[in-house]
Amino acid sequence: MTSVRRDRADPVPGAGNSRARYRRILRFAAWHLAVTWWFELFLPRIGLGRIAERTRTRRMRRFAQRFHQLAVELGGLMIKVGQFMSSRLDVLPPEITSELEGLQDEVPPVPFPEIRALAEAELGVPLNAAFVAVEETPIAAASLGQAHRAQLRPDDAADTGLDSGVLKVQRPGIDAIVAVDLAALRKVGGWLSRIRLVANRADVPALIKEFSQTSLEEIDYMNEAANAERFAADFADDRRVAAPRVVWERTTRRALTLEDVTAIKITDSEALRAAGIDPVRVAPVFASVMFDQLFTNGFFHADPHPGNIFITPVEDSSAEHPWKLTFIDFGMMGEVPPKTRSGLRKLLIAAASRDGKGLVAAIKDLGVLVPSTDSAGLERAMTNLFARFGGMGFAELREVDPKEFRDFAVEFGDVIRSLPFQLPENFLLIIRAMSLTSGVCSSLDDRFNLWDSVEPYAAQLMRDERGNIVQEVAQQAFDAAGIALNLPKRVDGLLARIEEGPISVANPRLEQQVSRLTRVTRQLASLVIFGALLISGAIVRADDTVFGNVLMAASAVALLHGLWVGRRR
């Protein structure tokens, strides 16, 4: 018990090991940043770009192998970085993704006696008093903790309705490991912030700070348990999604007990087919669920790599699909503020509509572009991008003539580099979630076309936005009409109070002006209502012809009333 408490103060065996870890991460980063600068920036500038092209595949493979070795040996946040890269099947070459793929599952486990000691210290009782039994062989070993199946005691089972669960325990010393890794990342971020090309486009220290906060929240299991319950509540009425229940009686900051929901890993295509599930049909459902989290709920799973998502078969004849997506590991979650969510919805609609100008406007709304930016060149580039490559899936893009793609990439890259991009707060997790989503979908179906999922979702958003516009216009019209119609009464009341006061006011000219003001305000009210009904009818008519025609017909009545009031003397 005492030794475990001492581990909390200095979990890494010796300060020397912490310094060695720190220096090793910095050496790795410095070397590969230098290599990248030499081959990708310097050589092309002196006309030796072909050398970089010929050696690129070999260099990428060597980098991936070295990083794989580094991540496995060091663990901690290095595993997280590797998992992220291994899921970027849509943009990273297979030399990198295939080499790092094993990091999603093949993290070396911690010996069970160390896990037992930490769990007992956290729960305050021997493990055999907290559970009937705990399997010593872990079912999952992740970068920050590992999970073991456990049989709940009868009293806990009665309270939760669960017979078995999963005990998730942090890796001993992970607090200190994360602290060292974050310190190294801050150092690397400092290097990058001194590079003008990077500094003009991102506030690297702010991004590192955001990542640090997320990482510290991820090693607090009380926070993860609360996130799991909130996520489950968001999808309580959605048959496509499931999440494990929390056993709060056996949960602390470093030990978490959850319902056992292990099933088929989402990217295990062979196991899915053996269960009668077509992986190709899973991809668009997964994309849609992630869209719901980002664009509707505003609370999203920021680490949806394949190790955190199961496909659970269900026996429900009324369900559209005989399976559901089961999410686990809610340590890394993100929130989308309402303003950012609105900007993302506009971005999605513009992308689905192939609207380059609208896309740039949405990017500005999100704060990714400085407001004063001259974005005409970016609008042209986006329009050309949609015209040539819009609607193509991952596999189709691979079939494009490499020279054509390369020429366009050079032109597009010149435009991007000329603009002052910046990443707003909370955007790092959004990018991570969407990147992992795209990678998982591509692994489920190499011909997966993200547009096929974006377009129907964007169409629904457009219908929702259209309804919001109608409501907003109508509300503004009625508010304006109410003010206009009540104005004559307020003026009459004011005159009555003046006449009833100690000083009697009688001014025929004033009364004439009040009478004229009354006619004008009534005419204004009628014309405002006319405009609101006409615009609302035109918008609604696209989806509901009958109701739209009724609104447009009613607008004529308001127009006639306004003209009649205006003609009166």
Side-chain angles (χ1 to χ4, degrees), residues 1-34 62-86 99-100 102-122 136 138 140-148 168-192 205 208-209 211-221 252-256 303 331-332:
M1 180 74 71
T2 304
S3 62
V4 173
R5 294 296 177 183
R6 188 165 54 243
D7 283 347
R8 290 187 180 184
D10 184 17
V12 176
N17 285 353
S18 296
R19 289 194 294 269
R21 178 186 183 91
Y22 178 80
R23 288 195 297 267
R24 186 173 178 187
I25 294 173
L26 293 187
R27 283 198 303 268
F28 184 91
W31 170 255
H32 287 283
L33 283 174
R62 186 182 305 156
F63 163 78
Q65 291 170 346
R66 289 176 176 174
F67 186 86
H68 192 162
Q69 180 181 0
L70 177 77
V72 170
E73 291 181 8
L74 295 183
L77 296 183
M78 296 300 101
I79 296 287
K80 289 289 183 184
V81 175
Q83 289 173 343
F84 174 73
M85 289 192 292
S86 72
E99 177 64 33
L100 299 180
L103 289 176
Q104 295 173 353
D105 304 295
E106 299 171 7
V107 179
V110 176
F112 186 71
E114 296 181 36
I115 292 295
R116 174 190 289 275
L118 193 150
E120 290 181 344
E122 284 293 308
E136 295 192 6
S143 55
L144 306 181
Q146 67 186 44
H148 296 256
K168 183 177 177 181
V169 182
Q170 284 185 9
R171 286 177 170 262
I174 196 63
D175 290 357
I177 291 173
V178 168
V180 171
D181 291 354
L182 290 177
L185 288 175
R186 291 188 193 101
K187 187 67 173 181
V188 175
W191 294 344
L192 293 174
I208 298 296
K209 181 179 179 181
F211 181 71
S212 299
Q213 180 180 351
T214 302
S215 300
L216 294 175
E217 289 176 352
E218 193 171 3
I219 58 176
D220 182 351
Y221 284 169
T252 68
R253 193 182 73 84
R254 300 207 295 173
L256 171 65
D303 195 21
M332 187 181 293

Taking all atoms of both residues into account, what is the closest heavy-atom pair of [X] and [Y], and its distance?
| X | Y | value |
| --- | --- | --- |
| Leu26 | Ala184 | CD2-O, 3.6 Å |
| Val169 | Ala119 | CG2-CB, 4.1 Å |
| Arg253 | Ile219 | NH1-O, 3.6 Å |
| Glu99 | His68 | O-ND1, 2.7 Å |
| Thr252 | Tyr221 | O-CB, 3.3 Å |
| Ser143 | Gly76 | CB-O, 3.3 Å |

Do any N or O atoms from the side chain of Gln146 and from the backbone of Val110 form a donor-acceptor pair under 3.5 angstrom?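 Judged by distance alone, yes, a pair lies under 3.5 Å.
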Backbone of Pro172 reached by a side-chain donor or acceptor of Arg254 within 3.5 Å: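 Looks like no, no N/O pair under 3.5 Å.
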Decide yes or no for Val188 and Ile208: does some side-chain heavy atom of the first lie under 4.5 Å from some side-chain heavy atom of the second? no
Flag side-chain contact, heavy atom, 4.5 Å: Glu114 against Leu118: no
Interatomic distance, [X] atom [atom1] to [Y] atom [atom2] [nearest 0.5 angstrom]:
| X | Y | atom1 | atom2 | value |
| --- | --- | --- | --- | --- |
| Leu182 | Arg186 | CG | CZ | 5.0 Å |
| Ile177 | Leu144 | CD1 | CG | 9.0 Å |
| Leu100 | Ile79 | CG | CD1 | 9.5 Å |
| Lys187 | Arg23 | NZ | CZ | 13.5 Å |

Please enumerate all residues that pass salt bridge (charged side-chain N to carboxylate O under 4.0 Å, His left out) together with Arg66, with sequence neighbours excluded.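 For Arg66, no residue satisfies salt bridge (charged side-chain N to carboxylate O under 4.0 Å, His left out) once neighbours in sequence are set aside.
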Using the salt bridge (charged side-chain N to carboxylate O under 4.0 Å, His left out) criterion, which residues pair with Asp181? Sequence neighbours excluded. Arg21
Should the pair Phe63 and Phe28 be assigned to parallel (<30°), tilted (30 to 60°) or perpendicular (>60°) ring geometry? tilted
Would you say the rings of His32 and Phe67 are close, in the sense that their centroids are separated by under 6.0 Å?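 Not close enough - the centres of the two rings lie 6.0 Å or further apart.
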Got more than 12 heavy atoms from elsewhere within 6.0 Å of CH2, Trp31?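 Atom CH2 in Trp31 is not crowded, with 12 or fewer foreign heavy atoms closer than 6.0 Å.
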Checking Gln170 now: which residues fulfil side-chain hydrogen bond (donor to acceptor under 3.5 Å, both in side chains) with it, not counting sequence neighbours?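 Partners of Gln170 by the side-chain hydrogen bond (donor to acceptor under 3.5 Å, both in side chains) criterion come out as none, since no residue qualifies.
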